[in-house]
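Reviewing the structure listed below.
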Amino acid sequence: MKTKLCLLFFNLTMVFALAQEIKVTSGSIKRFADFKSKFVDARNIDVWLPNNYSAKEKYAVLYMHDGQMLYDASTTWNKQSWEVDSIAGKLIQEYKTQKFIIVGIWNNDKKRHLEYFPQKAFESLNKNQKAIVTSELIKMGRITENFSPLSDNYLKFLVTELKPFIDKTFATKSDQAHTFISGSSMGGLISMYAICEYPKVFGGAACLSTHWPGIFSVENNPIPESFVNYLKAHLPDPKNHKIYFDYGDQTLDAMYKPFQEKVDIVMKEKRFTKNSWTTKFFSGEDHSEKSWRERFSIPLLFLLGKY
């Protein structure tokens, strides 16, 4: 009952947020409402441009999932946000990073788990393992029928529809070396999946509090192993890709340590080094926008920093 009430509250606040104007403390927001796609449901796209943005320059691009949680806490369901505008704006102003824009892609709340769950890893499970996933997600109110991920179509939307539009509309550096993707929790999973599926498109991924369990229990959970096996087969070339992982030890993040450690072993096996990969642990940090906000400058510097 409590879970259903929370979901109802989330849905109502999402409707309210749709009508609200996003306010930022640095730079400006360009909204593309109800952006259409032939692969996924329409959604809002909020593009952040830094102060003094000029069409005469060229900018790197950071694509971010859960776009409605990025900029303005007054419009979010839990009154928290990443405040990426102030964090990115400060780093650019201080010449610590290259100039870049941020493309905030709103999630489809009812299909978020479907769109963010790495599809090929799920499809590698057997029938009984898939049934475990479906049962758990139904119990938690995330889905109402058999689980069937939509992440391949979600990535097609990003790569073949949204990215060409962004590159046409804004002054971007459209090559792989200047195209990045980031998210937290399930958004961390889909960011990992994106750089593995489209290594020629994305040069770096920041995966914060990556939800390696996939569901919300660890006992008899086949998903983490499927993710590890997927990474063994699909990680991109460490010579021209960067990947950032992190996790805390409170709330949902308390589940992540053993799974992240197994992923870290794979990263080393695939010859990722300190220049191409980092995993950071944050003691006392929980699974929230507040925690991700406090450390977001670290992955920005890792991916976009000037060295």
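Given the structure is predicted, the values throughout are model-derived calculations rather than measurements.
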Hey, which of Phe245, Tyr247, Tyr256 is the one that makes ring-ring contact (aromatic ring centres under 6.0 Å, His included) with Phe281? Tyr247
Determine whether the aromatic ring centres of residues Tyr116 and Tyr154 are separated by less than 6.0 angstrom. yes
So, Trp82 versus Phe296, ring centres under 6.0 angstrom or not? yes
So, Glu57 side chain and Ser54 main chain: donor-acceptor pair closer than 3.5 Å or not? no
Closest contact, heavy atoms only, Leu158 versus Pro164: O-CD, 4.5 Å
Under 6.0 Å between the ring centres of Phe122 and Phe227? no
Side chains of Asp72 and Val24: closer than 4.5 Å at any heavy-atom pair? no
Do the non-hydrogen side-chain atoms of Lys242 and Tyr244 ever get within less than 4.5 Å of each other? no
Hey, is the main chain of Thr25 close enough, under 3.5 Å, to the side chain of Asp85 for a donor-acceptor pair? yes
Nearest heavy-atom contact between Gly89 and Ser26 is CA-OG, 3.6 Å
Is any side-chain heavy atom of Leu91 less than 4.5 Å from a side-chain heavy atom of Ser297? yes
Do Asn107 and Gln68 meet the criterion of a side-chain donor-acceptor pair at a distance under 3.5 Å? yes
Minimum side-chain heavy-atom gap Ser276-Ile243 below 4.5 Å: no
Qualifying side chain to side chain donor-acceptor pair (under 3.5 Å) pairs with a residue from residues 183-209, counting only residues at least two apart or across chains: His65-Ser191, Lys120-Glu197, Asp152-Tyr193, Ser185-His287, Glu197-Tyr230, Ser209-Asp253, Ser209-Trp292, Ser209-Arg295
Would a 4.5 Å heavy-atom cut-off, applied to side chains only, mark Asp46 and Leu70 as touching? no
Pairwise side chain to side chain donor-acceptor pair (under 3.5 Å) hits with a residue in residues 161-182, at least two apart: Ser37-Glu161, Lys163-Asp167, Asp167-Thr172, Asp175-His178, Gln176-His241
With a 4.5 Å limit on heavy-atom distance, are the side chains of Phe170 and Val103 in contact? no
Check the surroundings of atom NZ in Lys262: do more than 12 heavy atoms from other residues, nucleotides or ligands lie under 6.0 Å from it? no
What's the separation between atom CZ in Phe272 and atom NZ in Lys239, rounded to the nearest 0.5 Å? 12.0 Å
Between Phe147 and Phe117 (judged by ring centroids, cut-off 6.0 Å), do the two rings come close enough to count as a pair? yes
Could you work out, with ring-ring contact (aromatic ring centres under 6.0 Å, His included) as the rule, every residue matching Tyr59, not counting sequence neighbours? Tyr53
Got a sec: does the CG of Asn220 have more than 12 other heavy atoms crowding it under 6.0 Å? no
Does the Asp249 side chain pair with the main chain of Gly284, one donor and one acceptor, at a distance under 3.5 Å? yes
Can you tell which of Arg43, Arg142, Lys110 makes a salt bridge (Lys or Arg N to Asp or Glu O under 4.0 Å) with Glu115? Arg43
Find out whether Asp264 and Trp277 are in side-chain contact, i.e. whether some heavy atom of one side chain is under 4.5 Å from a heavy atom of the other. yes
Side-chain heavy atoms of Ile29 within contact of Val47, under 4.5 Å: no
